[in-house]
Amino acid sequence: MSDAPLDTPAARNALYLVDGSGYIFRAYHALPPMTRADGTPVNAVFGFSAMLMKLVEEIDAQHLAVIFDSARETFRNEIYPAYKAQRPEPPEDLRPQFALIRDAVRAFNVPCIEMPGFEADDLIATYARHARKQGMEVVIVSSDKDLMQLVGDGVTMLDPIKNKPIGPAEVMEKFGVPPAKVVDVQSLAGDSVDNVPGVPGIGVKTAAQLIEEYGDLESLLARASEIKQPKRRESLIEYAEQARISRELVKLRDDVPLEVPVNGLEVRDPEHATLLAFFEENNFKRLVARLTALEAMAGHGGNQPPAGGSAPANPQAAELAPAQKSYETVVEEADLVRWIAAATEAGCVSVDTETTGLNPMSAELVGVSLSLEAGRACYVPLAHGATPVGQGSLLDAPPARPKQIDKQRALALLKPMLEDPSVLKVGHNMKYDWVMFRRQGIDVAPIDDSMLISYVLEGGAHGHGMDELSELHLGHKTITFKEIAGSGKDQVTFDQVPLDRATDYAAEDADVTGRLHRLLKPRLRESGLLTFYETIERPLVPIIGQMEREGIKVDREVLAEMSTDFARRMGEYEIEIYKLAGREFNIGSPKQLGEILFDEIGLQGGKKGKTGAYATGADILESLAVQHELPARILEWRQIAKLKSTYADALVGQINPETGRVHTCFAMAATSTGRLSSSDPNVQNIPIRTEEGRRIRRAFIAEKGHKLLSVDYSQVELRIVADIGGLEALRQAFRDGIDIHAMTASQVFGVPLDQMDPMTRRKAKAINFGIIYGISGFGLARQLGVEPGEAAAYIRAYFERYPGIRDYMDKAKEEARRQGFVRTLFGRQCHVPGIADKNPARRAFAERQAINAPIQGTAADIIKRAMIRIPAALAQAGLSARMLLQVHDELLFEVPEAELDATSALVREVMEGATRPVLDLAVPLVAEAGVGDSWDQAH
DNA sequence: GATCTCACG
DNA sequence: GACGTACGTGAGATCC
C-alpha cells in the first residue's frame, strides 16, 4: 500500500465548449422526429441530452460550458446589415425545442452562456483565448466551419455527431490552408448560408490557392494587379473592400466581456434527481436507464440533503453574480418565523453568528444571520445596544436601544430548525457557531463547513478565511469588520454597530457562506475528497468544539508564585549582566545585545543577517559561551523571561472568569499538513523540555476527584516513514519493540546493537528526524555540529541501507511537481505551492515540504480519527472522562479517579486501532499513557 | 506590521 | 551549478 497515494493520474486541465446553437440544428436534422407524451417534439432535445450525457460521463475536462446564440441581431449587422438576413425561420417543430434544450443544460448543472450582441462563436473564441492563457487545453464541441479558425495551439474541435476530432489536418482538408489562414480564405470565398459576400467568382479552392501564393488577404489585395487571370484580377480589385468587410464578418471576436470567467465553468456533478425528472418528463427512457446504471456504479448518492425548493437553475452562475441582492433586518417575530419556515422547507441554510469577540467561550451572542440563496439573507439582531454617540449632554435622554426580537424568544424559535436532522446548517468555521449555540442550549446538527471544505480541497494552497475565499472564488470583496466597527482604540464591539450596517455585514457573511458552499461542496466529490471530508474533518467539528468548551483547569496561585519568583531571578541576572556588559541596556533587544557582544566586547563570530542586525539566537550564544561569561547569562535570562511573559503571566489572563478554566481555540484549517493549531492560549507549546519549563505544567491540573490522563503515540511519524518507505528492518524493529534509533545506528553504521555507543545512536536519531523533515546535508550538519561533508556521508549510508526512503522522496517531489500537492495515506491533499519556483532555494524548501507533508499529515489524520471515536467509545463504556487537549501526538483527558484504568485502556485501544478499517500499517501503532494530578505528572 | 527569538510536536 | 537550508506551528517583545 506504501506508494498508492502517489500514483493518482493528474486530472487533465481542459475546457470543453459546446456550440449549443450549432448543435441544435444538426441534431434536429440528424434524428428522426420524436415526441413526448404531450406531443411536444423533442428529437433535438434528446440528441442534445445524449451528447451532453456522453460528455459529462467520459469527460476528462475540469471545465465545461454550453454556449448559445442570444438574439439574431449582433454587432455584425452593424457592419453589414444583410449578414445572415436571408436565413429562413427555423422549422415549426424545432422552435419549441430551443427552450427545452436550455432546460436540459441546466438539468445537467452545466453553465449555459449567451450574450446579446455576440454570436456563440465569439464567446467560444473568447473563452478559448482565456483558457489558453491559463494553460488549459480547449475542445470545441462543434463541426461548424466558422469555428475552424480557432483550431491549433491547444485548441481542437470535436464533431459531436460523428464523434470525430477535428484538428489542423481536417481543417486543411476543408479549406486547403492551415487554421490560421482560414479567415483569409473565408473572406474571399464568402458564404451563401451566412450571407457573407466575399469576392464574386472566387470559391474556397481558388481562395486557398491565392492565399497559399500571396500569404494573406492584405498582401493579396495589395498585389492584386499582378494576377494573371484577367477576370480574377478585375474581381479582386473591384471587390477588395467587400473582401475586407467579409473578413470583419468572418473573423471571430475574442474580446467579448465575459460575465462568467473561465474558472467559473468548473465541471460539477448534476443533481441526479433533477436530471432524472427532466429525462422522465421528456420520455427519454434510454437516458433514464443509463443514469440509473451510472448511479448504481457510483454507489453513492442519497446522502445529500434535499436542495432548496427554489434553487437557481444554474447555481454556478448564480453564486458568481447573484441576480439581485436583498438583505433584510429581522426585528419582527413573524418575519423570523417566515425565515425559519423557509429554511426548514429548503432543507439547507447558511448560518452565521455575530458576537462581541473572537473567543466563542467568552464572547456574547449579538445576532444571527441566515441565507437560503445567493444574494438573499437576513440578519436577526438580538443584543444590540444603543449606538454610542460622540457628543450630547447628560441632560439628553439616553439613546434608545433599537427594537429587536427578545433574545430568548428568538433562540427558542430557532432551536427546532437548528437541531432538525433534515435541515443542513452551513457555516464558515462552524465550530465557532456550534460552540456559541451550545452555550445557548442549542445543539446544531447536521452541519457543513465551507471553511473545512475549502481546507480539504486546497489546504496549503491559500488561507481559508471567508474574506479570502470570497475574493478568490466569487470575485467579491466582502465588507471588513474594521469598516463597520472601526479599528484601533475606536473599535466597538458588534452590539454597538447600528442595525443597518450590522445587517450589511452579517447578512453578507451568511450569503457568502452559502454561495461558497454551493460552489465548493460539489468539488469534493469531483476530487474524490467527499469521503475524507465527511469521515474526518466534518465530524471533528463538534468533537473539538466540545474540547474547547471543556477547557482545562489552571492553578492561578501556582502561576502567580512562579511569576514573582521569575521576576526576582531576572533581576538578579540583570545585575550580573549589566556588570559583565559594562553598562545597562535592554536585554530583550537583540539589536542592543548584538552591539554589546560584538562591537563593544568584541566577541568573535558575529554575523549580520540581511537586515544588518547581528544574529543572537540561542545557537549563536551557546557557541559564544567559551569566549565570555555574558552569553550564558543572557541565555538564562531569556529562558526565564520567556517563561514569565509567555506562560506564567499570559496564562493567568486567559482564565475564563465564568468557568475558572482556560479554553484554547483549536484552528482546524490553519496548517498545510492537516495538523490542528492552538491559540489564545497556545496549549501546544507549553514547556516540557527543560526542568525549569516543566514547572509551568504543574499549573495545569485536574478537578477534585479527578486525574489528568495523557496518552501519546510513540514515534508515530517514524512508524509512518517505516511504512511508506518500505523500511523492512525498521518495521521489524517496531514490531519487536526495540530501540529504534539504536537499530538505525546499527544498520547504517554497522555497529552491533550490544556495542552501541551513545554518540552513534545520537547521529542515527538525528538522521531519522532529518528524514521526516526532508533531509539536507547542511541541515543535518548544523543539527549534529559536524562538517556538512560528514553529514552528507551519513545520509548516503542511510540511503544505501534504506533505498525505499530515496524512492519515497523522489516520488513525493515528482507528485508535487506534477499536480501541485502530495497526499497522506488517508488521501488528504497537501498543496505545495512553491514546487515550481524558479528560485532553487525556494524550490528546495517546497521539496522538503513535499517530503514532510505526507508523514506529518498522515500522523495528523490518524489522531483525528482517534479523536472522533473516543468520545463515543467512552460514552458506550459508561465512562465519564472528558477529552481536553490535543498536542499533535498526545491527547489529554480529565478522568474521575475511579475510572482511570478503564479509560486509559480504552483510549489506548482506540488510538492504536485508529487507522482501521481503512488501512493497516506495516508497523504497529503504540500509545503510551501517564496519569497525575498535573499535566507535568501525567507525563 | 515586520522581525527576532523561542516554546512545542 | 545556482541558492540558502532541516518540517509544522503561535506568542511576546522590540523597533520602524
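Keep in mind that this is a model prediction, so the values were computed, not measured. Chain naming here is simple, since letters A, B, ... match the order of the sequence lines and numbering starts at 1 in each.
- For the pair A:Phe666 CZ and C:dT9 P, the interatomic distance rounds to 16 Å; values are reported in whole Å.
- Side-chain N/O atoms of A:Arg848 include one lying less than 4.0 angstrom from OP1 or OP2 on C:dC7.
- Using a 4.0 Å cut-off, some side-chain N or O of A:Arg689 falls inside it from OP1 or OP2 of B:dC8.
- Note on A:Ser672: a side-chain N or O is less than 4.0 Å away from OP1 or OP2 of C:dT9.
- Phosphate contact (OP1/OP2 of C:dG10, side-chain N/O of A:Ser677, threshold under 4.0 Å): present.
- The nearest whole Å value for the distance from the CG atom in A:Leu643 to the C1' atom in B:dT5 is 13 Å.
- Comment: A:Lys864 does not engage A:Asp861 in a salt bridge, judged by the lack of any side-chain N to carboxylate O separation of less than 4.0 angstrom.
- Across all strands shown, A:Asp712 has no heavy atoms under 4.0 Å from either base or sugar-phosphate atoms.
- Contacts of A:Ser645 with the nucleic acid, taken as non-hydrogen atoms under 4.0 Å apart, involve only primed sugar atoms and P, OP1 or OP2.
- When heavy atoms are screened at a 4.0 angstrom cut-off, A:Ile688 is found touching the sugar-phosphate backbone but no base atom.
- With respect to A:Asp565 and A:Arg569, a salt bridge is recorded, a charged nitrogen being found less than 4.0 Å from a carboxylate O.
- Residue A:Gln849 has a polar side-chain atom (N or O) positioned under 4.0 Å from OP1 or OP2 of C:dG8.
- Counting to the nearest Å, the P atom of C:dC7 and the CD1 atom of A:Ile767 are 17 Å from each other.
- At the heavy-atom level, A:Ala650 lies under 4.0 Å from the strands shown only through sugar-phosphate atoms.
- Contacts of A:Ala618 with the nucleic acid, taken as non-hydrogen atoms under 4.0 Å apart, involve only primed sugar atoms and P, OP1 or OP2.
- Looking at heavy-atom distances under 4.0 Å, A:Phe845 makes contact with sugar-phosphate atoms alone, never a base.
- Contacts of A:Ile772 with the nucleic acid, taken as non-hydrogen atoms under 4.0 Å apart, are absent.
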Open item on the list: Is there a salt bridge (charged side-chain N to carboxylate O under 4.0 Å, His left out) between A:Glu572 and A:Arg568? Walk through the geometry before answering.
Closed with: CA-CA 7 Å; A:Glu572 289 168 12; A:Arg568 179 184 54 77; 2.9 Å; yes
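- At a threshold of 4.0 angstrom between heavy atoms, the contacts of A:Gly617 are confined to the sugar-phosphate backbone, with no base atom among them.
- For A:Ser589, a side-chain nitrogen or oxygen approaches OP1 or OP2 of C:dC15 to under 4.0 Å.
- Close to C:dG8, at under 4.0 Å from its OP1 or OP2, lies no side-chain N or O of A:Arg675.
- One interatomic measurement links the two molecules: CG of A:Leu780 to P of C:dG4, which rounds to 21 Å at whole-angstrom precision.
- The nucleotide C:dC3 finds no pairing partner, because no Watson-Crick or G-U wobble arrangement with both distances shorter than 3.5 Å includes it.
- Side-chain N/O atoms of A:Gln592 include one lying less than 4.0 angstrom from OP1 or OP2 on C:dC15.
- Under 4.0 angstrom from either OP1 or OP2 of B:dT5 there lies at least one side-chain N or O belonging to A:Thr616.
- Between the side chains of A:His741 and A:Asn768, at least one donor-acceptor pair of N or O atoms lies under 3.5 Å.
- Distances from the side chain of A:Asn852 to the nucleotides B:dG9, B:dA7, C:dC7 place C:dC7 closest.
- The interatomic distance linking A:His831 (NE2) with C:dG8 (P) rounds to 15 Å, in whole Å.
- Of the two residues contacting DNA chain C, namely A:Pro840 and A:His888, the nearest-nucleotide position lying further toward the 5' end is that of A:Pro840.
- Salt bridge annotation for A:Arg698-A:Glu561: absent, with no cationic side-chain nitrogen under 4.0 angstrom from a carboxylate oxygen.
- Within 6.0 Å of the CD atom in A:Glu468, the count of heavy atoms belonging to other residues, nucleotides or ligands exceeds 12.
- For A:Lys591 against C:dC15, no side-chain N or O and base N or O form a donor-acceptor pair under 3.5 Å.
- Side-chain contact check for A:Asp449 and A:Tyr455: no donor-acceptor pair (N or O, by modelled atom type) lies under 3.5 Å.
- Of the candidate nucleotides B:dC6, B:dG1, C:dA11, B:dC6 has the atom lying nearest to any side-chain atom of A:Leu635.
- Comparing the same atom, C1', in B:dC8 and in C:dC3 gives a spacing of 30 Å after rounding to whole Å.
- Closest approach to the A:Pro590 side chain among C:dC7, C:dG12, B:dT5 is made by B:dT5 (side chain taken as heavy atoms from C-beta onward).
- Among C:dG4, C:dG8, C:dA6, the nucleotide with an atom closest to any side-chain atom of A:Ala841 is C:dG4.
- Distance A:Ile851 CD1 to C:dA6 P: 15 Å, rounded to the nearest Å.
- Within the nucleic acid shown, A:Ala615 comes within 4.0 Å of sugar-phosphate atoms alone, with no base atom in reach, counting heavy atoms only.
- Across all strands shown, A:Ala850 has no heavy atoms under 4.0 Å from either base or sugar-phosphate atoms.
- Contacts of A:Asn685 with the nucleic acid, taken as non-hydrogen atoms under 4.0 Å apart, include base atoms.
- Atoms CD (A:Gln715) and P (B:dG9) sit 13 Å apart, rounded to a whole Å.
- In this structure, A:Arg638 reaches the B:dC6 phosphate: one of its side-chain N or O atoms is under 4.0 Å from OP1 or OP2.
- Salt bridge absent: A:Arg661 and A:Glu550 never bring a charged side-chain N and a carboxylate O closer than 4.0 Å.
- Distances shorter than 4.0 Å separate some side-chain N or O of A:Asn586 from OP1 or OP2 on C:dT14.
- Here, B:dC6 and C:dA2 have their P atoms 32 Å apart, quoted to the whole Å.
- Remark: the separation of the P atoms in C:dT5 and B:dT3 is 14 Å, to the nearest Å.
- In this entry the distance linking CD1 of A:Ile587 with C1' of B:dC6 reads 17 Å, nearest Å.
- For A:Gln783, the side-chain atoms get nearest to C:dA6 when compared with the rest of C:dA6, B:dC6, C:dT5.
- Between the P atoms of B:dT5 and C:dA6, the separation comes to 13 Å (whole Å).
- By the 4.0 Å N-to-carboxylate-O rule, A:Arg843 lies too far from A:Asp837 to be salt-bridged with it.
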